[in-house]
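The next block holds one structure in the form of structure tokens; read it before the comments.
Chain letters run A, B, ... following the sequence lines, proteins first and then strands; every chain starts at 1.
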There are 2 protein chains.
Amino acid sequence: MQKMNNKNKIFIDKLRSSGLRPTNQRVEISKFLFNRKKTFHFTVEELKNSMNLKRSKKISTATFYNTVHALKSAGYLKEFSLENNTSYYDTNISSHHHFFDNGKVIDIKSDKITFRKLPEAPKGKKIKNVEVVIRLENNN
Amino acid sequence: MQKMNNKNKIFIDKLRSSGLRPTNQRVEISKFLFNRKKTFHFTVEELKNSMNLKRSKKISTATFYNTVHALKSAGYLKEFSLENNTSYYDTNISSHHHFFDNGKVIDIKSDKITFRKLPEAPKGKKIKNVEVVIRLENNN
DNA sequence: TAACTACTTTATAATTATTCTAAAGTATGT
DNA sequence: ACATACTTTAGAATAATTATAAAGTAGTTA
Ligand SMILES: [Mn+2]
Ligand SMILES: [Mn+2]
Ligand SMILES: [Zn+2]
Ligand SMILES: [Zn+2]
């Protein structure tokens, strides 16, 4: 059982309520991901490198993958793709939209985009969600 | 120089006008990709397997990758991503939208979706395109 | 047509992102 | 403290893609 300061309690509860034991590694990763003001969009490699840079005792690659997958399964992360062959993850789990600006990803709140016309789902199907990507380029 | 029947001429011209020599492999791949009524969405592995199944003399993996990249650079293919780590290509190069239905991809013509409200591009940037993904699930 | 040269194809090796394996370590219940 | 199931880890394995370099071909020129 680890040191239980109030700073960590919220993450420990979050993990516990998803059936994940609050190990040191998971708590550290959760703090890093969720203890911030703005949405965080990242790849597992980016997460690993930025966390391990500051640590004497490194967390293993497998644990980063395991934990990110567990948090995604528990509904705390969403996965998405850019046009390279790497998975990205999003700490904003609500349905929302994005600007893509040369590899940089910026959230657009759901209510900033509304539709005048949308197609019907094919028969037998229904719409799960609608997400928009606005690709940007530099002026001039 | 290869057999120049009229069936192939259009693809030979297409390749030539992009500075690509119309080799047998490139012409075959172009015919397979573009000589069809409906949009084709595919991965390089899928393309390779379905073409080579029917051929006695196989085209190499590297040539499939080289040719798909060349066609993309020439503007004849668009690349996109689903939520796995594989690149998909689209023979519909116009800006358009998609239904994603459990790995199946269906085109939505651009004019089937219109917007009531759209955010402005951040300063210094402008909008290159806006593309919508409608995720489907089964009824009930 | 023969020769020349640049471009292309190919088998194979290398790389990258990710997943798997199995042994050692840890959290939780008793 | 003990038992047990869950977790972490290093390292091997896999999948998609890219790089390498030798052999083949297309377009050009003599
Ligand atoms: Mn991958
Ligand atoms: Mn890949
Ligand atoms: Zn986001
Ligand atoms: Zn399409």
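Between B:H96 and B:H41, the ring-plane angle classifies as tilted under the 30° and 60° cut-offs.
The CD-P distance, from A:E45 to C:dT18, rounds to 7 Å in whole Å. Distance, B:E28 CD to C:dT8 P: 17 Å, rounded to whole Å. C:dT12 atom P lies 17 Å from atom CZ of B:F64, rounded to whole Å. Distance, B:L47 CG to D:dA16 C1': 15 Å, rounded to whole Å. Separating the CG atom of B:L20 from the C1' atom of D:dG27 is a distance of 14 Å, rounded to the nearest angstrom. Rounding to whole angstrom units, CG of residue B:N24 and P of C:dT9 are separated by 9 Å. Atom CG of A:L15 is separated from atom C1' of C:dA27 by 13 Å (rounded to the nearest Å). Between the CG atom of B:N52 and the P atom of C:dT9 there is a distance of 13 Å, given to the nearest Å.
Counting only heavy atoms from C-beta outward, the side chains of A:I106 and A:K104 approach each other to under 4.5 Å. Here the side chains of A:T43 and A:E46 are in contact, with some heavy-atom distance below 4.5 Å. Looking only at side-chain heavy atoms (C-beta outward), B:R21 and B:R16 stay at 4.5 Å or farther from each other. Side-chain contact between A:K48 and A:T61 is present, with at least one heavy-atom pair separated by less than 4.5 Å.
A sub-4.0 Å separation between OP1 or OP2 of D:dT18 and a side-chain N or O of B:H69 is present. Between C:dT18 and A:Y65, a contact under 4.0 Å exists linking OP1 or OP2 to a side-chain N or O. Distances shorter than 4.0 Å separate some side-chain N or O of B:Q25 from OP1 or OP2 on C:dT10. In this model, the phosphate group of C:dT9 is not approached by any side-chain N or O of B:R21 to a distance below 4.0 Å at OP1 or OP2. Distances shorter than 4.0 Å separate none of the side-chain N or O atoms of A:T61 from OP1 or OP2 on D:dA10. Contact annotation: B:K57 reaches the phosphate of C:dT10 (side-chain N/O to OP1 or OP2, under 4.0 Å). For the pair A:R16 and C:dT28, the criterion of a side-chain N or O lying under 4.0 Å from OP1 or OP2 is met.
The A:S60 side chain lies nearest to D:dT9 when the options are C:dT18, D:dT9, C:dT28. Of the candidate nucleotides D:dT9, D:dT7, D:dA16, D:dT7 has the atom nearest to the side chain of A:T23. Between D:dT17, D:dT7, C:dT10, one nucleotide has an atom nearer to the side chain of B:N66 than all others, and that is C:dT10. When distances are taken from the side chain of A:S87 to each of C:dT18, D:dT17, D:dT8, the shortest belongs to C:dT18.
Residue contacts shown for A:T43 are absent, as no nucleic acid heavy atom lies under 4.0 Å away. When heavy atoms are screened at a 4.0 angstrom cut-off, B:T63 is found touching base atoms of the nucleic acid. Within 4.0 Å (heavy atoms only), A:K58 reaches sugar-phosphate atoms of the nucleic acid but no base atom.
For the pair B:K14 and B:F34, the cation-pi criterion (under 6.0 Å, within 45° of the ring axis) is fulfilled.
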